[in-house]
Amino acid sequence: GEDVEQSLFLSVREGDSSVINCTYTDSSSTYLYWYKQEPGAGLQLLTYIFSNMDMKQDQRLTVLLNKKDKHLSLRIADTQTGDSAIYFCAEKRTVQAGTALIFGKGTTLSVSS
Amino acid sequence: KAGVTQTPRYLIKTRGQQVTLSCSPISGHRSVSWYQQTPGQGLQFLFEYFSETQRNKGNFPGRFSGRQFSNSRSEMNVSTLELGDSALYLCASSSRGAGDNEQFFGPGTRLTVL
């Protein structure tokens, strides 16, 4: 298929780690992204990883990439209530003369105190 | 540096009308992409502009069109509106388009078609 797949919901307690998973389809994708969307807002770029890397860490965020399985994950350490949002995984694909981001349906993260 | 701005933030139209949405990219960015977000279909790519040229277009009917001006600002137009066009329309900018790794999104325009 051509879809980027994500689980729809994740619920964690404040202070725990959250892991959001994603599978993508295009093995030629060069970059993979994680975006965050809060209610009524646009998309906030959290982090991205180049396809020749297998891990990237940025403060509380860790991205793991398994290129063989086309699997991407986002780990949020010490999850806070302010992390409650929808998280989108996206792959960058070549489309005609340019590129486009192909998004998953989003994972709703709910953090309880 | 100011972020991506989109106007208007909210719009209500009726079926059959047309609408124009505007996007101003981050200063210095030359590429603008548009996406449609709906609960059913999620985020779908509409088109990408770079230096006033449309580089690619997603799988949307011809009623959806756009353009980019010499100052990199972009507009998208939807003619003969249908109820299914109700959505959040998001604009993203990047400095070089295909060769740039980071796309930054605006807050979106919420279009409601009655």
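Residue numbers begin at 1 in each chain, while the letters A, B, ... track the order of the sequences.
Looking at heavy atoms from C-beta onward, L43(B) lies in side-chain contact with F88(A) at the 4.5 angstrom threshold.
Contact count versus chain A (heavy atoms, under 4.5 Å) is highest, among S33(B), P107(B), G42(B), for P107(B). With chain B as the partner, the residue from T30(A), L45(A), L43(A), V95(A) showing the most heavy-atom pairs under 4.5 Å is L43(A). Taking chain A as the reference chain and counting heavy-atom pairs below 4.5 Å, the highest number among R110(B), Q44(B), Q41(B) is found for Q41(B).
Contact record, Y33(A) with E102(B): OH-N, 4.5 Å, taken as the closest heavy-atom pair. Heavy-atom minimum distance, Q96(A) versus R55(B): CB-O, 3.9 Å.
Counting only distance, with no hydrogens or angles, the side chain of N56(B) and the backbone of A100(A) share no donor-acceptor pair below 3.5 Å. Side-chain atoms of Y35(A) do not come within 3.5 Å of backbone N or O of F105(B) as any donor-acceptor pair.
Both Y87(A) and L61(A) are members of a single hydrophobic cluster when ILVMFWY side chains are connected at heavy-atom separations under 4.5 Å. Put simply, V19(B) and M76(B) are part of the same group of oily side chains (I, L, V, M, F, W, Y) that touch within less than 4.5 Å, one to the next. M53(A) and L32(A) fall within the same hydrophobic cluster, defined by Ile, Leu, Val, Met, Phe, Trp and Tyr side-chain heavy atoms under 4.5 Å apart, directly or through other members. Note on F45(B) and Y24(A): same hydrophobic cluster, where clusters join Ile, Leu, Val, Met, Phe, Trp and Tyr whose side-chain heavy atoms are under 4.5 Å apart, directly or indirectly. Criterion: ILVMFWY side-chain heavy atoms under 4.5 Å apart, direct or through other members. Under it, V4(B) and L21(B) are not part of a common hydrophobic cluster.
Neither the backbone nor the side chain of F50(A) comes within contact range of chain B; no heavy atom of the residue lies under 4.5 Å from a heavy atom of that chain. For F47(B), no part sits under 4.5 Å from any heavy atom of chain A, backbone or side chain. There is no contact between Q44(A) and chain B, counting heavy-atom distances below 4.5 Å. Within the 4.5 angstrom heavy-atom criterion, only side-chain atoms of R9(B), from C-beta onward, approach chain A. Only the side chain of Q37(B) comes within contact range of chain A, with at least one heavy atom under 4.5 Å from a heavy atom of that chain.
Taking a 6.0 Å sphere around CG of N59(B), one finds it holds 12 or fewer heavy atoms contributed by other residues, nucleotides or ligands. For R63(B), the CZ atom counts as densely surrounded, since its 6.0 Å shell holds more than 12 non-hydrogen atoms of other residues, nucleotides or ligands.
Y35(B) has its ring centre less than 6.0 Å from the ring centre of F103(A).
Scanning residues 82-91 of chain B against chain A with a 4.5 Å heavy-atom cutoff picks out L88(B), L90(B), ordered by number.
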